[in-house]
Amino acid sequence: MWNRANKYLSDVGYHVVLLASALRYLPSLPRQMNRVGLYCFEMGYKTFPIVAILSFFIGAVLALQTGFALQQVGAESFIGSIVGLSLCRELAPVMTAFLLSGRVGSATTAELASMKVYQEIDALQTMNISPVRILVMPRLVAAFLITPPLTMFSIFIGWFGGMVVSKFVNFISLSPTIYWRGMMDFLTQDDVTDGLIKGQIFGLFVVLIACAQGLNTSGGPREIGFSVTRSVVISMIFILFTDYFITQALL
Amino acid sequence: MSTLVSDKKSVCVDAEEVGIRFGDTQVISDVSFSVKEGEIFVIMGPSGSGKSVLLRSVIGLLKPTSGRVLIGGLDASDRQTHEKIKTGLVFQAGALFNSMSVFDNLAFYPREHRLAKESDIREKVEQALEMLSLKEAANKIPAELSGGMKKRVAIARSLVMEPQLLLYDEPTSELDPTMAATISEVIGTLREELNVTSIVVSHDRDLAESISDRMILLKRGTIRASGTAKEVMGSDSEEIEEFFRPEIDVENPRFRR
Ligand SMILES: Nc1ncnc2c1ncn2[C@@H]1O[C@H](COP(=O)(O)OP(=O)(O)O)[C@@H](O)[C@H]1O
Ligand SMILES: [Mg+2]
């Protein structure tokens with residue numbers, strides 16, 4: 001029990017140290033813009049399509065559920081506000097982060113773990129090239145840059161999914177104009193910004209956890225797989241756990 | 001060759017009563033040796049005797065549990081030492097960057113440290129490729145290479161770093177005899193032309209006999225013999241045969257998961 005707690009604390013410590021040393025290398029950012037660009041592209045390219053599909057259906061099913069409940073009391077006009085609010089404050093950032101973890105975090109952990117196991121990381125060190133500087137810092141910056149547009153995109157697609165369902169499902173049949181007006185009457189700009197900030201924090205930590213788990217791998221090739229699983233599981237727990245506290249802080 | 005020549009002087013290496021322990025296992029105990037400037041020093045020993053671990057402590061990837069290693073008088077476990085004195089390690093398994101072409105592997109160090117113009121870097125890389133007859137492999141990725149080629153790429157990558165001290169971890173294992181001869185020639189040439197101090201880990205007796213100035217025999221982490229190749233190998237051939245018998249306990253094999 002004590003051992004586990006100790007291990008847990010040292011794991012947390014490792015993440016903090018990794019983040020700190022990555023930040024220390026920020027001044028080398030201008031020299032590494034091509035790497036940042038590459039990682040941004042990778043993250044965006046891998047995540048956009050799946051974010052689009054999932055966001056659409058989440059928005060759709062949300063409209064369906066609330067539509068069914070609200071039409072019984074004749075309050076369909078509130079669908080827009082409910083879909084709009086829950087997507088941008090909660091569902092879009094969390095889902096985007098989950099998908100980022102599944103698509104990008106897992107691949108990052110696998111890549112870094114394999115570099116560790118096959119001594120590429122050691123080779124970098126013998127060349128006086130910091131692995132944190134070239135592998136971790138640019139990825140963190142890329143995550144920082146790419147998650148807000150990704151979350152924004154998820155929000156829009158989700159809203160659109162909700163609108164399609166509201167219009168075409170028989171028992172709701174809400175006109176898009178009313179759907180959007182209901183949403184806009186309720187939403188403030190803060191709702192959207194809060195969602196984007198949330199997404200950004202999640203994305204940053206998903207990538208940090210992925211890098212830490214990758215670099216912390218030791219042993220043989222078998223460990224690469226273990227690290228990938230651990231990376232995704234820890235990310236998801238972290239997202240839902242911190243979601244509560246970030247939400248509270250942003251309220 | 002001319003641009004591969006570094007203007008820096010070669011360095012000496014001193015291991016002083018080095019002991020290395022992982023958990024409860026003492027892998028290296030009380031190992032001391034000194035390598036002079038420009039010397040080729042061979043460390044021989046059976047598999048599992050701690051040769052790679054010893055090299056890692058020289059290159060600074062691992063701090064000895066006791067004792068110390070000095071490179072040119074500076075502590076090898078200090079990263080700054082390796083910034084002042086250029087040191088290179090040819091890893092046993094190559095440790096090539098798998099996502100890059102052979103060419104980019106070689107160019108990575110000078111590019112990352114911005115040591116020269118891109119055109120000069122290319123020229124230097126071409127030379128190193130030529131020297132190890134790797135020209136046709138330049139645009140391949142490491143996964144497309146044979147074990148021997150990976151090894152040569154690893155050596156070429158270290159050459160481009162213009163090291164003052166170069167460590168080789170089993171440079172000729174997995175190579176056919178012709179290629180092994182080429183490699184020992186390369187190690188010799190590097191010393192002749194660049195005056196690089198070299199430490200070569202190997203269990204290839206021919207290699208040790210042909211290139212070493214001095215050598216040590218390592219077994220279970222301790223030095224069993226030291227001197228010139230003649231002194232060490234010529235002493236008692238039966239003892240030497242015994243020395244190279246693999247350490248497998250046939251009666252009671254243990255498999256680690
Ligand atoms: N990181 C490590 N953790 C624990 N034991 C290790 C580690 N690295 C090497 N060893 C052990 O040290 C011993 C010597 O290993 P090594 O130096 O690789 O031998 P070799 O002479 O074949 O290169 C082996 O028994 C190995 O299991
Ligand atoms: Mg070895």
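So you know, we letter chains A, B, ... as the sequences are listed, proteins then strands, and number each from 1.
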Quick check for you: to the nearest 0.5 Å, what is the distance between D122(A) atom CG and L62(B) atom CG?
9.5 Å
Contact list (residues 27-62 of chain A to chain B, heavy-atom gap under 4.5 Å, by number) returns R31(A), R35(A)
One pair to check against side chain to side chain contact (heavy atoms under 4.5 Å, CB included): I129(A) and H113(B). What are the steps and the verdict?
CA-CA 8 Å; I129(A) 297 167; H113(B) 287 286; 3.5 Å; yes
Is it true that atom CZ of F97(B) has more than 12 heavy atoms of other residues, nucleotides or ligands lying nearer than 6.0 Å?
yes
Considering only heavy atoms, which portion of I134(A) lies under 4.5 Å from any heavy atom of chain B: side chain, backbone, both, or neither?
side chain
Are more than 12 heavy atoms, taken from residues, nucleotides or ligands other than E130(B), located less than 6.0 Å from that residue's CD atom?
no
With a sphere of 6.0 Å drawn around CZ of F153(A), does it hold more than 12 non-hydrogen atoms of other residues, nucleotides or ligands?
yes
Decide yes or no on side chain to side chain contact (heavy atoms under 4.5 Å, CB included) for F108(B) and L124(A), but give the supporting numbers first.
CA-CA 10 Å; F108(B) 195 68; L124(A) 285 175; 3.5 Å; yes
Tell me if the CZ atom of R21(B) is crowded by more than 12 foreign heavy atoms within 6.0 Å.
no
Pick from R114(B), M161(B), R157(B) with the largest number of heavy-atom pairs that fall under 4.5 Å of chain A:
R114(B)
Roughly how far apart are Q125(A) CD and L61(B) CG, rounded to 0.5 Å?
6.0 Å
List the residues meeting salt bridge (charged side-chain N to carboxylate O under 4.0 Å, His left out) with R152(B), not counting sequence neighbours, and say none if there are none.
none
More than 12 foreign heavy atoms under 6.0 Å from CD of E126(B): is that the case here?
yes
Is it the backbone or the side chain of F91(B) that comes under 4.5 Å from a heavy atom of chain A, or both, or neither?
side chain
T126(A) side chain reached by T87(B) side chain, heavy atoms, under 4.5 Å
no
Does atom CZ of F144(A) have more than 12 heavy-atom neighbours from other groups under 6.0 Å away?
no
For residues Q119(A) and A95(B), report the shortest heavy-atom separation together with the two atoms involved.
O-CB, 3.5 Å
Would you say the side chain of M127(A) lies within less than 4.5 Å of the side chain of H82(B), judging by non-hydrogen atoms?
no
